[in-house]
There are 2 protein chains.
Amino acid sequence: MITIEIRKELKSGVIELAILALLVRREMYGYELSQKILDLSSGQIEVKEGTLYPILYRLEERGIITSRWQAPLGRGKPRKYYYVTGKGRQYFAGYRKEWNVVVEFMCKILE
Amino acid sequence: MITIEIRKELKSGVIELAILALLVRREMYGYELSQKILDLSSGQIEVKEGTLYPILYRLEERGIITSRWQAPLGRGKPRKYYYVTGKGRQYFAGYRKEWNVVVEFMCKILE
DNA sequence: AATAATACCTAGTAGCACAAAGTATATAGA
DNA sequence: TCTATATACTTTGTGCTACTAGGTATTATT
């Protein structure tokens, strides 16, 4: 498996959609999200901290997700768990449709 | 066919890739590119002038495409035709691979 | 004792799509 | 004739995005 660096222009928008796709299924905390995305992409899509947290804050500010602090069962730093609101689920559905339009278009243009 | 507005974050990077995909096949001029993209996307992906021309200029500056002015056969304003250089074809191939990684990842994360 | 991994925060930066203005030619409709 | 529209290219400024690079703090490993 050869890992190539994905240019940030291609990540634009996609990372937010990916985060929402994960949070729609179950609540997760920031660090967990970044690791999950790295895993699911076989190490090819890395979400930097300076990207991840600002995305979570703006989504929360817009009422798309909410959060709660939770101390881990064992020891360690407290974690901030995020989950998608009702409004957020609608937002996600629309976002997903736009993504599908883009993908269909690109499939056509790339043969 | 319901036309939805695609948020610009999702267009980021994608428009450049689409332009290159068209120019790899044959030389085209700016306005023609914007119309072709609108056509191929069934009117769903609109590339504004303030987006299109700056992309073409920076691609030319980087040696990825080159251009030549050509007066139309009939009457009208002269057109600037662009085509992809050898270096540009390599650039396009790499860009395309990155896009495929992103699409595969998103397919997985969106089920 | 030192390093890495976990877990979160944030000020500043470069690059992107876009709005909105401009120049200029040709055509169609009122 | 006047006006609007389509064609065709240019450019300045703006908001948003991912990222850089720093920070705090805890726990496990070496």
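Order of the sequence lines fixes the chain letters, A, B, ..., with proteins taken first and strands second; residue numbering starts at 1 for each chain. Computed from a prediction, not measured in an experiment: that's the story for all the values here.
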Just how far, in rounded Å, is [atom2] of [N] from [atom1] of [X]?
X       : N      : atom1 : atom2 : value
A:Arg79 : D:dT26 : CZ    : P     : 15 Å
B:Lys48 : D:dC9  : NZ    : C1'   : 18 Å
B:Gln70 : D:dC9  : CD    : C1'   : 16 Å
B:Glu46 : C:dC18 : CD    : P     : 8 Å
B:Lys77 : D:dA6  : NZ    : P     : 17 Å
A:Ile6  : D:dA18 : CD1   : P     : 14 Å
A:Glu61 : D:dC16 : CD    : P     : 11 Å
B:Glu5  : C:dC18 : CD    : C1'   : 11 Å

What do the steps show when you test B:Leu40 against B:Leu22 for side chain to side chain contact (heavy atoms under 4.5 Å, CB included), and what is the final call?
CA-CA 11 Å; B:Leu40 285 174; B:Leu22 290 173; 4.0 Å; yes

Is A:Tyr31 close enough to C:dT6 that one of its side-chain N or O atoms is under 4.0 Å from OP1 or OP2 there?
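Checking A:Tyr31 against C:dT6: at least one side-chain N or O falls below 4.0 Å of OP1 or OP2.
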
Establish, with yes or no, whether the OP1 or OP2 oxygen of D:dC9 is under 4.0 angstrom from a side-chain nitrogen or oxygen of B:Tyr53.
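It does, given that an N or O in the side chain of B:Tyr53 lies less than 4.0 Å from OP1 or OP2 of D:dC9.
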
D:dC19 base / A:Glu49 side chain donor-acceptor hit below 3.5 Å:
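Side chain to base: no pair below 3.5 Å.
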
Which part of the nucleic acid, if any, lies within reach of [X] when heavy atoms closer than 4.0 Å are counted: base, sugar-phosphate only, or nothing?
X       : result
B:Gly50 : base
A:Arg58 : sugar-phosphate
B:Leu52 : nothing

Minimum-distance nucleotide (side-chain atoms of [X] versus [options]):
X       : options                : result
B:Arg62 : C:dA7, C:dC16, D:dC9   : C:dC16
B:Tyr29 : D:dA8, D:dT10, C:dC18  : D:dA8
B:Glu9  : C:dC18, C:dC16, D:dT17 : D:dT17

Whichever of B:Pro54 and B:Lys8 has its nearest DNA chain D nucleotide further upstream toward 5':
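Upstream on the strand: B:Pro54.
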
If each of A:Pro78 and B:Thr51 is mapped to the nucleotide of DNA chain C with the nearest heavy atom, which maps nearer the 5' terminus, i.e. the 5' end?
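Looking at the nearest nucleotide for each, A:Pro78 comes out on the 5' side.
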
Basic-acidic side-chain contact under 4.0 Å: A:Glu32, A:Arg79:
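Not counted as a salt bridge, because no side-chain N and carboxylate O are separated by less than 4.0 Å.
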
Would A:Arg25 and B:Glu111 count as a side chain to side chain contact (heavy atoms under 4.5 Å, CB included) if you check the C-alpha gap in whole Å, the side-chain angles of each, and the deciding distance to 0.1 Å?
CA-CA 11 Å; A:Arg25 294 191 207 156; B:Glu111 267 117 338; 3.9 Å; yes

Does B:Met106 reach the side chain of B:Ile109, with side-chain heavy atoms less than 4.5 Å apart?
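Result yes, sub-4.5 Å side-chain heavy-atom pair found.
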
Distance-only, no hydrogens or angles: does the B:Ser41 side chain make a donor-acceptor pair with backbone N or O of B:Ile37 under 3.5 Å?
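The answer is yes, because a donor-acceptor pair under 3.5 Å joins these two groups.
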
